[in-house]
There are 2 protein chains.
Amino acid sequence: MDIAFDRNSTVPVYRQIAEQIKTHISAGRLPAESRLPTVRRLATELGVTRLTVQNAYAELQSAGWTESTVGRGTFVAAHTRPQIMRHRPEVNLTPDGYINDLLQVGNAVGLRSLASASPDPRLFPVEEFATHISTDPAEAASVWQYAASEGDPALRVQIAEYLADRGLRVDPDEVLVVAGVTQGLSLVTQILCRPGDTVLVEDPTYLGMLHTLRSYGVQPLGVPLDACGALDLDQVEQLVIQTRPRFLYLVPTYQNPGGTSLPVEQRHALLALAEKHGFLIVEDDIYARLTYAEEIPPALHALDSGDNVVHVGSFSKLLSPGLRLGYVIAPSSLHSRLASLRRAIDLCSPPLLQRALAGYLRSDGPKRHLRRVLPLYRQRRDTLLNALDRTMPDGATWTEPRGGLCVWLTLPPRGNFADLHHACVQKGFAFSPGEVFMAQPQAGRHLRICFGEPTPETINAAVDTLAALVRERLDTGIYPIPAGWRPLV
Amino acid sequence: MDIAFDRNSTVPVYRQIAEQIKTHISAGRLPAESRLPTVRRLATELGVTRLTVQNAYAELQSAGWTESTVGRGTFVAAHTRPQIMRHRPEVNLTPDGYINDLLQVGNAVGLRSLASASPDPRLFPVEEFATHISTDPAEAASVWQYAASEGDPALRVQIAEYLADRGLRVDPDEVLVVAGVTQGLSLVTQILCRPGDTVLVEDPTYLGMLHTLRSYGVQPLGVPLDACGALDLDQVEQLVIQTRPRFLYLVPTYQNPGGTSLPVEQRHALLALAEKHGFLIVEDDIYARLTYAEEIPPALHALDSGDNVVHVGSFSKLLSPGLRLGYVIAPSSLHSRLASLRRAIDLCSPPLLQRALAGYLRSDGPKRHLRRVLPLYRQRRDTLLNALDRTMPDGATWTEPRGGLCVWLTLPPRGNFADLHHACVQKGFAFSPGEVFMAQPQAGRHLRICFGEPTPETINAAVDTLAALVRERLDTGIYPIPAGWRPLV
């Protein structure tokens with residue numbers, strides 16, 4: 001079998017092998033039901049360990065590309081089921097389907113992704129963090145046992161201190177550790193909402209929140225954000241009066257998908273509105289530490305003089321989404337209901353990772369990490385903005401983020417871009433189609449472009465490709481979908 | 001300050017220090033708002049590192065015993081809030097409140113616990129498992145990034161193979177990785193039930209399931225289990241016809257809290273009933289590997305010829321609850337709805353731990369681990385059964401488990417045991433009060449005794465104490481609650 005791999009790549013060798021076997025299968029070079037070489041033979045042939053080939057085969061099997069029978073060997077599946085980025089342009093994208101793609105996009109070798117608002121995992125301080133992972137059997141009783149639902153005591157203390165930078169003055173008791181912002185938002189939604197309720201969101205907003213709300217039968221109502229990150233506050237007030245939403249969900253600092261921030265004067269005005277009408281604001285602060293400006297806008301929670309703000313954050317963007325650790329700071333009556341619901345949902349987060357994160361925070365790891373990564377992300381942002389400036393046609397507009405990991409691109413009104421996302425994937429680049437971020441979807445005119453993971457070279461190549469595809473679609477009618485198109489991966 | 005600690009204890013030194021400071025505070029030796037020594041001073045005085053004292057102070061602060069102000073020091077809180085096992089006998093216990101206690105009972109030094117159905121964390125193969133935790137920066141892109149909601153591909157392959165022993169023949173694609181059985185049951189409940197629905201459960205049953213069902217407005221209806229683990233199947237059929245339950249939840253193998261198993265002929269009869277009436281069975285197989293018998297009863301899923309069984313399991317009892325990793329095997333339409341809901345709840349489990357577990361499973365770790373721990377658990381079970389036999393008064397009955405971690409004790413009808421749980425805690429031993437496991441609670445007559453964690457010596461001392469307290473309460477009327485009682489911890 002013709003398989004090349006690069007030992008110096010950041011993509012593990014087993015995954016490179018798996019991806020190339022997928023390509024062989026897709027191209028028909030390995031027909032359905034044909035037999036793959038034995039693990040031993042392929043390992044010898046490629047000069048890798050058997051474990052590497054085993055891992056590659058495991059991945060193929062798990063994703064349905066192959067089937068394996070003990071004693072008989074591994075065979076190409078009768079019907080392969082490639083699973084990533086497979087949306088045909090005529091199919092409506094849903095947040096759920098698209099989240100499913102995003103969670104796996106990093107595994108699709110051959111696809112260069114600007115789709116996921118993730119930090120670059122190659123920058124994660126693996127070795128430093130690993131020194132905080134307990135391998136001491138004497139600690140087993142505390143790190144391998146159940147932990148309190150509210151979180152590991154040591155981590156709650158560290159998070160309370162960590163939030164002082166954001167202007168929050170909270171006791172460790174007020175910290176609820178959660179499995180990432182998504183779990184925090186899901187708990188808040190479940191406690192505060194009943195099916196049929198409405199929640200106000202920025203439009204566009206975090207697609208995970210749209211999925212969470214809809215999963216619980218809650219209707220997201222979008223309030224348009226402008227390109228500078230300002231909300232129409234009159235519309236907020238009107239909707240609050242008309243629809244009595246259960247809360248207003250915002251990513252006020254380095255917003256997702258726009259990268260913009262709510263102006264400070266609007267923060268004060270919004271808090272005054274919340275106080276006046278008695279509505280709750282759920283503030284998602286997940287991107288705030290990733291700043292390329294002198295000053296980070298203050299957290300709404302820090303400016304609030306009442307009990308009107310629930311503050312949610314996580315270490316997914318600062319460090320790594322794989323930690324699955326975040327926090328919720330909520331008024332105390334809500335805090336205890338959230339903790340009780342967490343006991344009904346999954347009991348607690350893994351204490352091993354909680355304790356390791358506590359040690360890393362105590363050692364001031366985040367400051368060191370940010371000193372190292374922020375210049376790189378700033379450079380990637382600048383590369384992206386310059387590339388858009390250089391290539392985009394008149395009439396296209398985009399946000400200019402001072403922090404975070406995303407830019408929101410709006411294409412000119414004079415064109416048909418219904419197949420643009422699909423065409424980009426065909427060319428080997430993934431962006432995120434805008435409609436999945438919108439409470440009231442408008443197909444085809446928006447893209448989210450994320451600059452956290454790609455190198456500057458990839459960003460330039462991706463935007464060049466994107467711009468060429470955009471120009472082809474200017475002033476056209478319905479763009480024909482190529483017959484016989486099949487998913488890339 | 002008078003603080004003694006034992007470096008050879010399995011309780012970490014910082015926790016021993018924290019617990020003794022709590023005792024000083026409880027006893028009034030450290031009054032409210034008094035100042036604790038600085039970290040540096042106490043560390044020098046005790047001959048420990050500053051980190052140890054910092055950890056002890058963090059734990060005190062997090063639990064509300066102390067308050068700390070940067071630059072001013074650490075002070076005893078104005079109002080201390082001891083949080084564990086504080087139920088007064090006159091207060092109704094709830095599953096939620098009791099789960100909260102159980103999650104933290106291991107942290108209460110001074111209390112010897114037979115309350116939690118957990119394996120002994122001192123037996124967890126920390127060092128062996130740690131060799132499978134990736135600290136390779138080249139793997140960062142896959143273990144520190146988001147993972148697919150369905151689970152890490154390598155882990156799904158390993159779980160599919162691991163289930164072959166239980167007679168399940170499943171593809172990796174059918175495996176949904178979840179954050180422990182509790183998350184699996186919560187997802188299933190949310191997908192299948194609406195508020196007001198009913199679900200049949202064994203009575204007594206897993207208290208977490210009672211909390212989960214009630215959190216989602218679902219009514220658990222109990223079907224009595226007898227002391228040998230047999231269900232009244234006529235009653236099951238009658239309730240199915242009368243109440244159209246959304247499903248029947250069972251721990252058929254080494255049940256919690258009883259330790260009994262559903263007889264094999266009843267398994268077949270129950271599957272026939274499910275097929276006849278079209279109801280779903282949710283099988284919780286969490287204890288099945290912990291067997292002290294020659295043969296483990298077959299899984300219901302393995303005996304089912306239709307699509308009537310959802311199989312849920314985890315590594316919490318086999319290895320460690322701290323992993324927070326389990327699995328759900330469900331019919332395919334349900335599988336995809338569960339995965340979609342997981343994307344709305346917390347996206348995925350930490351890929352670092354998933355990949356490590358996959359490596360551990362691939363290396364046949366569970367077989368080695370069970371060879372080592374099963375003789376110890378068997379010895380603890382035998383010690384417990386002998387102690388009950390030796391000490392309990394006539395009329396007390398208990399289950400005789402062939403696997404799992406618990407015994408269910410039923411006290412004679414001629415006595416008043418309303419304060420028994422409270423009296424045990426006062427004597428320094430924690431058992432679990434029976435009512436929290438019951439869909440239709442009967443106060444005072446039942447206890448769950450868990451033998452996974454305590455040594456044989458502790459088991460004997462605990463049962464001696466328990467038996468003395470039981471005998472004091474035989475043939476009495478209402479037992480008076482001591483005035484001025486305060487929680488032990």
Side-chain angles (χ1 to χ4, degrees), chain A residues 10-12 55 58-59 61-64 96 99-100 103-104 106 118 121-122 124 126-127 130 133 135 137-149 153-154 156-157 172-173 179-180 182-183 186 211-212 215 320-324 340-341 343-353, chain B residues 10-12 55 58-59 61-64 96 99-100 103-104 106 118 121-122 124 126-127 130 133 135 137-149 153-154 156-157 172-173 179-180 182-183 186 211-212 215 320-324 340-341 343-353:
Chain A
T10 56
V11 177
N55 282 336
E59 181 149 319
Q61 192 180 341
S62 171
D96 182 33
I99 294 165
N100 191 21
L103 293 174
Q104 304 177 63
S118 299
R122 291 165 296 192
F124 183 72
V126 176
E127 281 159 352
I133 294 180
T135 52
E139 283 234 304
S142 58
V143 301
W144 292 107
Q145 192 50 282
Y146 293 106
S149 296
R156 296 171 80 194
V157 168
D173 268 4
T182 304
Q183 186 177 61
S186 163
H211 175 49
T212 297
S215 292
S320 140
L323 276 175
R324 310 307 307 128
S340 168
L341 184 58
R343 282 190 281 281
I345 280 181
D346 65 359
L347 297 177
C348 59
S349 287
L352 180 76
L353 295 179
Chain B
T10 55
V11 178
N55 281 337
E59 180 147 319
Q61 190 180 345
S62 171
D96 183 32
I99 295 165
N100 191 21
L103 293 175
Q104 304 178 62
S118 299
R122 292 165 294 194
F124 182 72
V126 176
E127 281 159 350
I133 294 180
T135 53
E139 282 233 305
S142 59
V143 301
W144 292 106
Q145 192 49 282
Y146 294 106
S149 295
R156 296 171 80 193
V157 168
D173 268 4
T182 304
Q183 187 177 61
S186 163
H211 176 48
T212 297
S215 291
S320 142
L323 276 175
R324 312 305 308 126
S340 168
L341 184 58
R343 281 190 283 279
I345 280 180
D346 66 357
L347 297 177
C348 59
S349 287
L352 180 76
L353 295 180

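Within every chain, numbering begins at 1; the chains are lettered A, B, ... in the order of the sequence lines, protein sequences first and strands thereafter. What's counted below: heavy atoms across the whole structure, side chains too, no hydrogens, waters or symmetry copies. It should be emphasised that the depicted structure is a prediction, and the values quoted were computed from it without experimental measurement.
By the side-chain hydrogen bond (donor to acceptor under 3.5 Å, both in side chains) test, Thr212(A) pairs with no residue at all, sequence neighbours left out.
Rounded to the nearest 0.5 Å, atoms CG (Asp346(B)) and CG (Asp346(A)) are 6.0 Å apart. In this structure, the separation between CZ on Arg156(B) and CD on Gln61(A) is 11.0 Å, given to the nearest 0.5 Å. The distance from atom CG of Asp96(A) to atom OG of Ser149(B), rounded to the nearest 0.5 Å, is 8.0 Å. From Arg122(A), atom CZ reaches atom CD of Gln145(B) across 10.5 Å, with rounding to the nearest 0.5 Å.
Looking only at distances, a side-chain donor or acceptor of Ser320(B) sits under 3.5 Å from a matching main-chain atom of Trp144(A).
Val126(A) has its side chain out of reach of Val143(B): every pair of non-hydrogen atoms, C-beta onward, lies at least 4.5 Å apart. Between Leu352(A) and Ile133(B) there is a side-chain heavy-atom pair separated by less than 4.5 Å. Considering only heavy atoms from C-beta on, Ser349(A) stays 4.5 Å or farther from Arg324(B) through its side chain.
In this structure, Ala130(A) and Thr135(B) approach most closely via the heavy-atom pair CB-CG2, 3.5 Å. Minimum interatomic distance between Ser186(A) and Ala344(B) (heavy atoms only, all atoms of both residues): CB-O, 3.4 Å.
Proximity to chain A involves both the backbone and the side chain of Ser340(B), based on heavy atoms less than 4.5 angstrom apart. Contacts of Ala147(B) with chain A are made by backbone atoms alone, with heavy-atom separations under 4.5 Å and no side-chain atom involved.
For chain B, the option among Pro121(A), Pro321(A), Ala179(A) with the highest count of heavy-atom pairs below 4.5 Å is Pro321(A). Heavy-atom pairs under 4.5 Å with chain A peak, among Thr182(B), Leu323(B), Val157(B), Asn55(B), at Thr182(B). For the options Pro351(A), Ser118(A), Pro350(A), Ala154(A), heavy-atom pairs under 4.5 Å to chain B are most numerous at Pro350(A). Top candidate by heavy-atom pairs under 4.5 Å with chain B, chosen from Ile99(A), Leu341(A), Leu347(A), is Leu347(A).
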